[in-house]
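Predicted model only: the values in this text are computed from it and were never measured.
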Amino acid sequence: MTPDQPLRLALAQINPVVGGLDDNRHQILEAIEQARAGGARAVVFPELAVTGYPPEDLLLRPAFLLGVERAVVAITKAVRGIDVILGAPVRSDAGLINAALWLRDGACIARYAKQVLPNYSVFDEQRYFVAGDAPCVVELDGWQIGLTVCEDIWQPGPAAGAQAAGAELLLNLNASPYHRGKAEERLQVVGARVAETGCPVVYVNQVGGQDELVFDGRSFVHDPVNGARAVLPAWATGQGQVEASRSAQGPVLRSRDEHMHLSACGMLPTLTDPGPEPDEADARDLYQALMIGIRDYVSKNGFPGVLLGLSGGIDSGLTAALAADALGPAAVTAVMMPYRYTASMSIEDAEEQARLLGLEYHEIAIEPMVESFMAGLGDALAAYPAGAGDVTEQNLQARARGVLLMALSNRSGKLLLATGNKSEMAVGYSTLYGDMNGGFAPLKDVSKQWVYRLARWRNTCGAAIPPRVIERPPSAELAPDQQDADSLPPYDVLDAILEAFVEQEQSVAEIVAQGFDRPTVERIARMVFIAEYKRRQAAPGVRVSPRAFGRDRRYPITSGYRPD
């Protein structure tokens with residue numbers, strides 16, 4: 001090829017399994033063969049594609065790193081007739097580096113060490129890696145191509161250093177997790193680097209779920225002439241191709257329309273598709289993120305399916321719909337466990353939803369069990385007279401349900417899904433060893449207001465959640481005529497306070513200045529702090545906000561601090 005001919009690159013948007021070195025190696029080799037058959041001169045993989053991201057403390061095990069090295073050697077030996085740019089952890093004289101390897105004809109011809117190691121939010125890379133300090137530029141068919149890895153593109157230095165070293169095109173290998181609004185942030189950041197350097201950027205991201213994190217893919221290209229264009233859609237595995245060429249205005253990237261072996265959970269708009277109205281697009285994107293999180297947690301951990309308590313309420317209703325959509329109805333078991341305070345409409349709606357979704361459905365009354373617990377506790381409880389606000393009987397109901405669900409989980413092997421949402425988790429409106437039981441909590445980072453939005457959106461795609469479930473006032477149904485509003489502010493008020501206090505770390509005074517009632521804000525702030533011990537014992541769940549409980553927000557359980 002001559003420098004005037006287009007350079008065809010393949011972008012491999014894969015779904016690796018963290019620690020699954022054999023599986024990942026097979027995925028990589030298959031993608032290399034597909035790219036070669038498609039006429040690409042090089043194929044670019046995501047960050048740490050060999051190990052999956054984030055490998056966490058697996059990186060501290062010498063035997064694991066030896067396995068990584070063997071996988072890299074096997075992949076390198078198989079590379080013929082196409083260049084491969086691959087992410088992997090690599091041991092060096094300075095320490096372990098987060099590397100981008102350039103493989104050509106059975107050899108590694110270049111190695112780049114990630115320079116900017118994120119150590120905030122869900123990232124903890126300084127625990128494992130040492131930072132690089134030098135650019136890496138490789139020649140391919142007359143093109144000078146610079147390498148960067150994920151966080152490098154979020155700071156000006158690495159891209160500028162590559163451009164100063166002669167790069168006219170930048171490859172950026174990513175394992176960038178999803179949260180609401182993240183796609184727009186990426187476009188803005190990459191656009192800034194393109195403007196600063198004049199170099200087009202090829203942005204390759206992984207896809208899939210890994211414990212709390214979900215990765216949305218959305219690999220794209222950005223050049224100074226045409227701006228950003230999608231190459232691969234969100235929430236899909238597959239391969240897309242781009243062509244780099246030179247124009248009078250400078251280097252440009254053109255995305256080829258065809259996708260190779262594209263596999264998606266559902267149809268979503270790409271960056272170039274105007275799609276639906278913004279609110280609907282946001283709901284669809286968030287719903288897809290939650291589906292991916294459920295699907296990959298269940299499949300990668302080898303569970304045959306899931307089960308959940310279906311109460312006739314909004315949270316379990318949305319969880320059931322998500323699970324059925326993610327795994328297929330045959331993999332989902334729903335259990336209704338009524339008590340004397342359970343409204344007849346709740347039983348009717350739970351049964352109706354199970355029918356709508358095609359779920360295996362059971363109904364088990366818990367009154368005999370709760371009465372047995374209360375009778376057995378009689379003399380001991382009598383030593384502690386019930387005071388105002390006593391919730392012993394309410395919690396026993398929740399724990400009886402939790403015992404039943406865990407027994408069914410043990411016998412069936414299915415993963416129990418906890419159905420609580422972020423608003424409840426924030427203020428401790430949940431029962432330890434009761435409704436908090438479960439191995440995975442899909443709605444853990446979804447506020448109550450978003451639960452309603454997602455439920456309404458899902459019903460626009462086909463009947464899944466009975467309308468009465470969405471319309472009725474929310475209630476735990478653990479006491480006569482109980483409603484959530486008896487214990488909590490209206491959810492629109494609660495969620496707004498929680499977003500400011502938890503996600504934005506605003507003080508009580510700052511929140512009150514926005515027009516909220518001070519006693520309410522102070523009460524909610526106290527509830528958030530004293531519920532930390534519950535959240536520490538909660539199941540993992542899908543992270544979809546910029547600041548989730550767990551990996552993002554790490555507060556001490558024992559703390560003398562109280563806000564304002």
Side-chain angles (χ1 to χ4, degrees), residues 1-12 31-46 75-76 78-87 99-113 115 132 134-149 152-153 158-174 190-191 193-204 219-229 231-232 239-258 260:
M1 297 181 67
T2 70
D4 294 330
Q5 290 179 293
L7 173 66
R8 186 181 296 187
L9 304 172
L11 283 60
I32 291 171
E33 182 54 38
Q34 292 169 3
R36 181 167 43 212
R41 285 289 291 120
V43 56
V44 189
F45 288 89
I75 294 167
T76 303
V79 173
R80 292 291 187 277
I82 185 172
D83 284 14
V84 174
I85 298 89
L86 182 66
L101 305 177
W102 196 300
L103 311 180
R104 178 181 293 171
D105 293 332
C108 179
I109 65 168
R111 185 178 75 186
Y112 170 77
Q115 296 184 54
C136 180
V137 178
V138 178
E139 188 274 336
L140 176 62
D141 293 345
W143 285 82
Q144 299 297 318
I145 302 176
L147 299 179
T148 57
V149 176
D152 289 337
I153 210 73
Q163 190 268 338
E168 54 184 326
L169 170 65
L170 299 177
L171 305 181
N172 187 232
L173 286 61
N174 292 270
V190 173
R193 301 294 88 79
V194 171
E196 291 160 3
T197 64
C199 296
V201 173
V202 174
Y203 183 103
V204 184
S219 299
F220 66 93
V221 295
H222 200 308
D223 69 48
V225 178
N226 300 306
R229 277 138 301 131
V231 177
L232 287 157
Q239 193 173 128
Q241 293 195 357
V242 298
E243 287 185 347
S245 59
R246 295 182 175 89
S247 70
Q249 294 89 357
V252 296
L253 292 166
R254 182 173 69 87
S255 175
R256 300 174 63 88
D257 291 334
E258 68 268 21
M260 300 177 63

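A donor-acceptor pair under 3.5 Å is formed between the side chain of E139 and the backbone N or O of D141. R256 contributes no side-chain N or O that, together with a main-chain N or O of Q241, makes up a donor-acceptor pair within less than 3.5 Å. In terms of modelled atom types and a separation under 3.5 Å, the side chain of Q144 and the main chain of E168 share no donor-acceptor contact. Side-chain N or O atoms of R8 include none that pairs as donor or acceptor with a backbone N or O of P6 at under 3.5 Å. D83 places no side-chain N or O within 3.5 Å of a backbone atom of R104 that could act as its donor or acceptor partner. Under a 3.5 Å cut-off, the side chain of Q239 and the backbone N or O of A31 do form a donor-acceptor pair. Between the side chain of D105 and the backbone N or O of R80 there is no donor-acceptor pair closer than 3.5 Å.
In plain terms, the two heavy atoms of H222 and A228 that are nearest each other are CD2-CB, 3.5 Å. For the pair P224 and V194, the tightest heavy-atom approach, listed with the atom from each and the gap, is N-CG1, 3.5 Å. Of all the heavy atoms in R111 and L101, the pair that sits closest is CG-CD2, 3.5 Å. Residue A162 comes nearest to V137 through the heavy atom pair O-CG2, 3.8 Å, listed as atom of the first residue, atom of the second, then distance. L253 and V221 get closest at one heavy-atom pair: CD1-CB, 3.7 Å. Between P200 and L169 the shortest heavy-atom distance is O-CD1, 3.6 Å.
Checked options V44, L140, V43, V202; the residue passing with I85 is V44 (criterion: side chain to side chain contact (heavy atoms under 4.5 Å, CB included)).
The residues R254 and D223 are annotated as not salt-bridged, no charged nitrogen and carboxylate oxygen being separated by less than 4.0 angstrom.
Residues C136 and W102 form no side-chain contact, since every pair of their non-hydrogen atoms from C-beta on lies 4.5 Å or further apart. Put simply, the side chain of L171 does not reach to within 4.5 Å of the side chain of V204, judged on heavy atoms.
Qualifying salt bridge (Lys or Arg N to Asp or Glu O under 4.0 Å) partners for E33, counting only residues two or more places apart in sequence or in other chains: R36. Checked against side-chain hydrogen bond (donor to acceptor under 3.5 Å, both in side chains), Q163 has no partners two or more places apart in sequence or in another chain.
A distance of 10.0 Å separates CD in E243 from OG in S255, rounded to the nearest 0.5 Å. For the atom pair I75 CD1 and C108 SG, the distance stands at 11.5 Å (nearest 0.5 Å). Atom-to-atom distance recorded for S219:OG and L173:CG is 10.0 Å, nearest 0.5 angstrom. Here the straight-line distance linking atom CG of N172 with atom OG1 of T148 works out to 3.5 Å at 0.5 Å rounding. Atom CG of residue L86 and atom OG1 of residue T76 lie 7.5 Å apart, to the nearest 0.5 angstrom.
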**Study point:** Test side-chain contact (heavy atoms from CB on, under 4.5 Å) applied to I32 and F45, step by step
**Key:** CA-CA 10 Å; I32 291 171; F45 288 89; 3.8 Å; yes
**Study point:** CA sep, side-chain torsions, deciding dist, call: I145, L7, side-chain contact (heavy atoms from CB on, under 4.5 Å)
**Key:** CA-CA 11 Å; I145 302 176; L7 173 66; 3.9 Å; yes
